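Heads up: the structure comes next, in structure tokens.
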Amino acid sequence: MSVSSEVSAEPIEIKFSHVVAENTPKGQMALKFKALVEERLSGKVTVKVFPNSQLFGDNKVLEAMQLGDVQLAAPALSKFKKYTKKLQLFDLPFLFEDLAAVERFQQGEEGQRLLNSMRRKGLQGLGYLHNGMKQLSASNKIRVPGDLAGKKFRIMSSDVLAAQFLAVDAVPVKKPFSEVFTLLQTKAVDGQENTYSNIYSKKFFEVQEHITESNHGVLDYLVVSSRDFWSSMPQDIRLEVEKALAQAIVYGNGIAAQKAKEDKQRIVDSKRSTIMTLTPSERQQWVKAMKPVWARFEDQIGKKVIDAAIAANQ
Ligand code: LMR
């Protein structure tokens, strides 16, 4: 093939669809990825980022990926149930003590193995991205598990998260992220669980008077593509794209650490919502109520993986 026909070849287009705002760890990671790829592979690869569920919501994006309508996404790890049961691990309440433990697990052998857990479904995990630990927000004060009884809580589409709320007699309501603000504002649900950056960037704190700093679970992402698309890229280009992605993830993780603190402070400063911390004995009550959920999902997730996650806390 002549040089001129190579030069005139259409660039590879990567559509990156996500559901959060741009001023979040994932939003910033996606923009960094675009900048790095377009700087290094100018004319060969273009990246189009679609934030705020503009292109696809979380319930559609993986199907769209299998059909080739989108090439990159980073759904929360709670949203892969249709494709693998193994990633349910990350939803087990009070499994990881903090993000450092999550990071140790993800970079370890079992964590890396999970990247390949959907290969048979045609999806390839490319890396993990942090957001942060989840907090509870509600229209009433939530201090002990009994405060959740009968309350409707929006959750992501995860059976573990449903079981977690049922364990404290709450009513879990599975809904896409794009609907959460309206559900809270109209009081169709009483509360939800999320990280400070999502509570801040989507203005949930403006319609939820109370936040409980429970740190009861993690909200992290799996950056994912279709195996067909990923392997269709010429190797030299793919390696360069992978390098850019790894760097963008490191950048996004830095933003995650920063936002967990800054967005919490912005919520405090707004005075729209009061953040409550738990005493060790109150926290213990939550652990006691929610941890029995683990046993119900052990067979689906695998004991070895759960043990590796527990070990990452040390
Ligand atoms: C949610 O649905 O609450 C989160 O998964 C949104 C996100 O991607 O952070």
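Indexing begins at 1, ligand by ligand and atom by atom, following the structure's order. All of these numbers come straight from a predicted model, not from anything done at the bench.
For the pair N116 and L114, the minimum side-chain heavy-atom distance is 4.5 Å or more. For the pair F204/I267, no side-chain contact is recorded, criterion being any heavy-atom separation below 4.5 Å from C-beta on. Residues H18 and P51 form a side-chain contact, since some pair of their non-hydrogen atoms from C-beta on lies under 4.5 Å apart.
Close approach of ligand 1 to A76 is summarised as follows: ligand atoms under 4.0 Å from at least one heavy atom of the residue are 5 (O).
With hydrogens and angles ignored, the 3.5 Å screen pairs no side-chain donor or acceptor of N198 with any backbone N or O of T195.
Of the protein's heavy atoms, Y221 OH, 2.5 Å lies nearest to atom 9 (O) of ligand 1. Atom 3 (O) of ligand 1 has R154 NH1, 2.8 Å as its closest protein atom, hydrogens excluded (heavy atom only). In this structure, atom 5 (O) of ligand 1 lies nearest to the protein heavy atom K79 NZ, 2.8 Å. At the top of the distance list for atom 1 (C) of ligand 1, counting protein heavy atoms only, stands F177 CD1, 3.3 Å.
Ligand 1 has K26 within reach: a non-hydrogen atom of the residue lies less than 4.0 Å from it. Remark: distances from the non-hydrogen atoms of Q192 to ligand 1 are all 4.0 Å or more.
If you look at T24 next to ligand 1, there are no close heavy atoms at all, none under 4.0 Å. With a 4.0 Å cut-off on non-hydrogen atoms, N194 touches ligand 1 through its side chain and not its backbone. For H18, no heavy-atom contact with ligand 1 is shorter than 4.0 Å. Residue N198 touches ligand 1 through its side chain alone, judged by heavy-atom distances below 4.0 Å.
Taking the six-membered ring where tryptophan is involved, the planes of F205 and Y200 are essentially parallel, since the angle between them stays under 30° and well short of 60°.
The existence of a salt bridge linking E193 and K134 is confirmed by a sub-4.0 Å separation between a basic side-chain nitrogen and an acidic carboxylate oxygen.
Judged by the 6.0 Å distance and 45° axis criteria, K202 is not positioned over the aromatic ring of F181. Within the cation-pi definition used here (under 6.0 Å to the ring centroid, within 45° of the axis), K26 qualifies as a partner of Y221.
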